[in-house]
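Before any comments, here is the structure.
Convention: sequence-line order gives letters A, B, ...; per-chain numbering from 1. These numbers were taken from a predicted model, which means no experiment stands behind them.
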Amino acid sequence: MDLLIDLIQLSIYGIVLGSILTLGAIGVSMIFGILRFAHFAHGDLMTIGAYVGLSFLVFTGAPVWWALPAGMVGAALTALLVDQAVYKHIRRTQPVILLISSFGMALVLRSVVQLVWGPNVYSYTGGIQRPWWFGDIAIVPNHVWILLAAVLIVAALHLFLTRTRMGKAMRAMSDNMDLALVTGIPAERVILITWILGGMLAAGAGVLLGMDSRLTPTMGWNILLPVFAAAILGGIGRPYGAIAGGMIIGLAMEISTLYLEPSYKPAVAFVIMVAVLIVRPQGIFKGTL
Amino acid sequence: MLAGVGWHLAVPAHWDSRRKGVTGGDRILIRIEHVSKAFGGIQAVDDVSFTVAEGSITGLIGPNGAGKSTLFNIVAGLIRPDRGRIFLEDENITGQRPHQLFHKGLVRTFQVPHEFSRMTVRENLMVVPAGQAGENLFKTWFRWKRVREEDRRVLERVDEVLDFLEIGHVADELAGNLSGGQKKLLDLGRTMMTDARSVLLDEPGAGVNRTLLGKLSEAIQRLNTERGYTFCLIEHDMDLISRLCDPVHVMANGALIASGPMSAIRQDERVREAYLGGGASGRMGAPG
């Protein structure tokens, strides 16, 4: 019986981690679908979002959930700035050049975080939350809010992609780039919107991750690997696959702690990613990789 | 015989005169001047010049490997020519990118139909910026009321296009699931979403079943007569060519070898030779 309780408890943690990974993976997947490169600075974009949210709370004294919209604005602006200053000029080159420069941007963003906020560890709220007990199962209130926020963000994104013409244009570009260009879809505009959305999603993941644990300058970088694992598992370039990928990776990482040291969690994500790349490189939903 | 399918349409009175006017020196929409293109040692297009008159349906035929598709790709901005120039009306458009040409009203379709396979037919049409070619209607993104108005206008237009092409019954089907012929109709529909003036059709009839082919040629005809679209099309189906096109240009080994109405082309000795040499004599013999 104890095993079952442990399993349920870890599954709850897994779903929470999965919803954070999902937000990051959707962004990575969307950027890959439209700009055709793996955006390595995505983790540090999450960090930026989390810290901007923190600063907003500190300066305004607003309730904690305000960190989410504030962080989204910060990360979206950062993404736009990075795109206009760096990626835009090398968009016509090979994807590998973009990939390497995004790796460089990751280092830059992390250094900026350390420069502005220092190497200290922060958290959004002081103290420890008292969990709700359901029999032998404990649920931390924050975990409920994290899941709820992630669901709302994904639902909003879904409405945008399916109901608005800009959303449709984004799907069109990721579906068939050649056709999108000859049918006059405004590529530059779609790219800008992609960065704004990618930045917002990254900030969502960053703030929720900060709520779950604490804020450190390397928080985003450390979670980048599972995020990529989730995106690849779902089929990179397919935002909806990222939801499934995120959940599977999150659950696998948490449930693995039944048998493995918790410090091996990233290794679990890595093993799944490598296995997917060998067995089914297109992912669950047949991505464009 | 498929010739029957499209012909019950009432043909406007000005239609015949317009068609005759083509050779009589109507306004020229596309002018191709001394265009050449080589790939490695192969001269794919060799000093080709001809014009496409406004309001015409101009045909481009020739045996496989004659350089027709290369020429199309040059006009559509996918390939830069080694020599020569392309004019759209009086503007030199040589080397302009496909999306720039799109906004100038020059649109192309592909030999192998392209579609946004994971989107519905209706969505496929919705993403094409509608309205006046050259006007960027995506500007209104952040004003919700105008966005909604715009969306309504676009949806109306989508329904109109679906009706016109008689593919309304598959409007909510994923475009990837359509038949080859339906995809070609969708291709044509995409050009109708914008106010295209000139459309380059690369083998519209290839891989299309007879019923849909009738529908397709009817649509081309009606777009030409009712909406004043100018077409330039590559086709191997001589029957389709002779019903739709005047004038017809013939290419062989990269060069233009004959031009004129189909009736004259049929009698042309060089054309017969080119096709016989290319091993496709049977096609020229098809009744028209």
Side-chain angles (χ1 to χ4, degrees), chain A residues 29-30 32-34 73 76 80 91-92 156 158-197 200 234-243 282-289, chain B residues 73 76-78 97-110 112-120 122-131 133-142 144 147-148 150-155 158 174-176 183 186-187 189-191 193-194 196 200:
Chain A
S29 224
M30 251 172 29
F32 187 92
I34 286 167
V73 172
L80 278 180
R91 210 163 271 157
R92 312 245 171 271
H158 170 75
L159 286 179
F160 178 82
L161 286 177
T162 53
R163 298 291 164 84
T164 69
R165 281 182 72 220
M166 184 43 99
K168 288 180 208 291
M170 286 178 66
R171 284 162 56 213
M173 254 180 90
S174 121
D175 193 323
N176 189 335
M177 185 71 74
D178 294 337
L179 182 60
L181 291 179
V182 300
T183 46
I185 287 176
E188 274 301 312
R189 200 173 295 258
V190 171
I191 288 171
L192 289 186
I193 299 287
T194 305
W195 282 115
I196 291 174
L197 290 180
M200 288 170 76
I236 197 154
R238 307 293 299 268
Y240 294 101
I243 300 172
Q282 70 274 36
I284 303 172
F285 289 93
K286 217 176 166 204
T288 39
L289 193 73
Chain B
N73 285 335
L78 288 170
R97 306 295 306 155
H99 64 272
Q100 295 172 299
L101 297 175
F102 176 91
H103 288 297
K104 296 189 164 87
L106 179 66
V107 185
R108 71 161 300 171
T109 68
F110 296 89
V112 179
H114 278 43
E115 76 285 338
F116 301 119
S117 54
R118 299 194 296 262
M119 297 168 72
T120 67
R122 178 173 279 125
E123 287 177 327
N124 262 262
L125 294 175
M126 278 185 76
V127 296
V128 181
E135 189 188 345
N136 189 350
L137 287 155
F138 275 59
K139 271 176 191 152
T140 53
W141 275 118
F142 295 104
W144 284 109
V147 169
R148 231 175 315 154
E150 167 67 14
D151 278 6
R152 200 169 39 237
R153 224 162 58 79
V154 168
L155 272 175
V158 168
L174 289 185
K183 284 180 187 174
L186 178 59
D187 251 351
R190 211 172 273 120
T191 70
M193 284 303 294
T194 179
L200 307 174

Indicate the atoms forming the closest heavy-atom contact of B/Phe116 with A/Asp175, along with that distance.
-> C-OD2, 3.2 Å
Pairing residues for B/Arg97 by the salt bridge (Lys or Arg N to Asp or Glu O under 4.0 Å) criterion, not counting sequence neighbours = none
Show your reasoning for whether side chain to side chain contact (heavy atoms under 4.5 Å, CB included) applies to B/Asp151 and A/Arg165.
-> CA-CA 8 Å; B/Asp151 278 6; A/Arg165 281 182 72 220; 3.2 Å; yes
Side chain / backbone / both / neither for A/Ala187 at chain B, heavy atoms under 4.5 Å | neither
Examine distances only and state if a side-chain atom of B/Arg118 and a backbone atom of A/Arg238 form a donor-acceptor pair shorter than 3.5 Å.
-> no
Taking the side chain as every heavy atom from C-beta outward, state whether A/Leu179 and B/Phe110 have any atom pair closer than 4.5 Å.
-> yes
Output all residues satisfying side-chain contact (heavy atoms from CB on, under 4.5 Å) with A/Lys168, sequence neighbours left out; order by chain, then residue number.
-> A/Arg171, B/Met119, B/Glu123, B/Met126, B/Val127
